Amino acid sequence: MSKVLFINACNTAESLTHQIASVFIDEYSKKHVDDEIITRNLYEDDIKFLGVKEIKERDQKDYKECKDDSVFDDVREFLECDKIVIVAP
């Protein structure tokens with residue numbers, strides 16, 4: 001079983017790119033029924049914005065020592081996935 005992260009950066013479902021990606025993901029999931037697909041929509045999900053201050057604070061931390069810190073949530077999600085699909089117009 002693989003873990004797939006599907007990142008959708010299309011701003012509407014009517015986008016041709018979004019429609020193509022949806023067909024791909026649907027077909028992929030039919031052929032890989034045991035795989036877990038995690039979908040992140042950059043326009044709909046509550047994604048934390050990291051400004052300069054937050055990035056500087058994050059960069060001073062050692063990931064290995066504080067990997068449970070919420071500032072690393074997105075990093076953990078990437079690291080835990082076997083495959084990543086990014087769709088953008």
Side-chain angles (χ1 to χ4, degrees):
M1 177 177 106
S2 291
K3 195 178 231 185
V4 180
L5 177 59
F6 172 51
I7 300 174
N8 181 0
C10 296
N11 61 349
T12 68
E14 292 78 29
S15 157
L16 180 59
T17 306
H18 180 271
Q19 293 173 25
I20 293 168
S22 294
V23 170
F24 172 80
I25 291 296
D26 288 344
E27 292 301 314
Y28 179 92
S29 63
K30 289 176 189 173
K31 292 182 180 3
H32 303 87
V33 293
D34 292 332
D35 284 8
E36 176 185 1
I37 300 175
I38 301 164
T39 301
R40 295 289 172 250
N41 185 309
L42 300 186
Y43 286 90
E44 295 175 2
D45 292 356
D46 184 25
I47 299 171
K48 295 176 280 189
F49 174 77
L50 296 180
V52 173
K53 177 184 172 208
E54 291 83 6
I55 291 172
K56 286 181 180 179
E57 289 173 359
R58 181 204 59 198
D59 289 349
Q60 292 176 3
K61 297 178 180 182
D62 182 348
Y63 176 72
K64 292 177 185 173
E65 292 177 11
C66 58
K67 62 184 176 185
D68 293 332
D69 190 316
S70 65
V71 75
F72 293 110
D73 287 350
D74 296 327
V75 172
R76 268 192 308 284
E77 188 166 58
F78 270 80
L79 292 174
E80 292 170 357
C81 289
D82 304 296
K83 302 171 185 175
I84 299 174
V85 178
I86 301 173
V87 57

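The shown structure was predicted, so the numbers you read here are calculated from the model rather than taken from an experiment.
Two residues are said to be in side-chain contact when any heavy atoms from C-beta on lie closer than 4.5 Å; D74 and R40 fail this criterion. At a threshold of 4.5 Å between non-hydrogen side-chain atoms, the residues Y28 and I37 count as touching. In this structure, the side chains of K56 and V52 come closer than 4.5 Å at one or more pairs of heavy atoms.
Hydrophobic clustering of Ile, Leu, Val, Met, Phe, Trp and Tyr side chains at less than 4.5 Å, counting indirect connections, unites L42 with F78. In the hydrophobic clustering of this structure, I47 groups with I86; members are Ile, Leu, Val, Met, Phe, Trp, Tyr whose side-chain heavy atoms approach within less than 4.5 Å, directly or through other members. Neither I20 nor F6 shares a network with the other; the hydrophobic side chains, linked directly or stepwise wherever heavy atoms of I, L, V, M, F, W or Y lie under 4.5 Å apart, form separate groups for each. Residue V85 is not grouped with residue L5 when hydrophobic side chains (ILVMFWY) are merged at heavy-atom distances under 4.5 angstrom, including chains of intermediate members.
The heavy-atom pair separating P89 from A9 by the smallest distance is CD-O, 3.5 Å. In this structure, I7 and I84 approach most closely via the heavy-atom pair CD1-CG2, 4.2 Å. Here the closest heavy-atom approach between residue C81 and residue V4 is recorded as SG-C, 4.3 Å. Residues D34 and M1 share a closest heavy-atom pair of O-CG, 2.5 Å. Among all heavy-atom pairs drawn from C10 and H18, the shortest one is SG-N, 3.7 Å.
Judged by distance alone, with hydrogens and angles left aside, the side-chain atoms of E54 form a donor-acceptor pair with the main-chain N or O of G51 at under 3.5 Å.
For the atom pair K30 NZ and I25 CD1, the distance stands at 12.5 Å (nearest 0.5 Å). One distance of note links CG of N41 with CG of D46; it measures 12.5 Å at 0.5 Å rounding. Note that CD1 of I38 is 13.0 Å distant from NZ of K83, once rounded to the nearest 0.5 Å.
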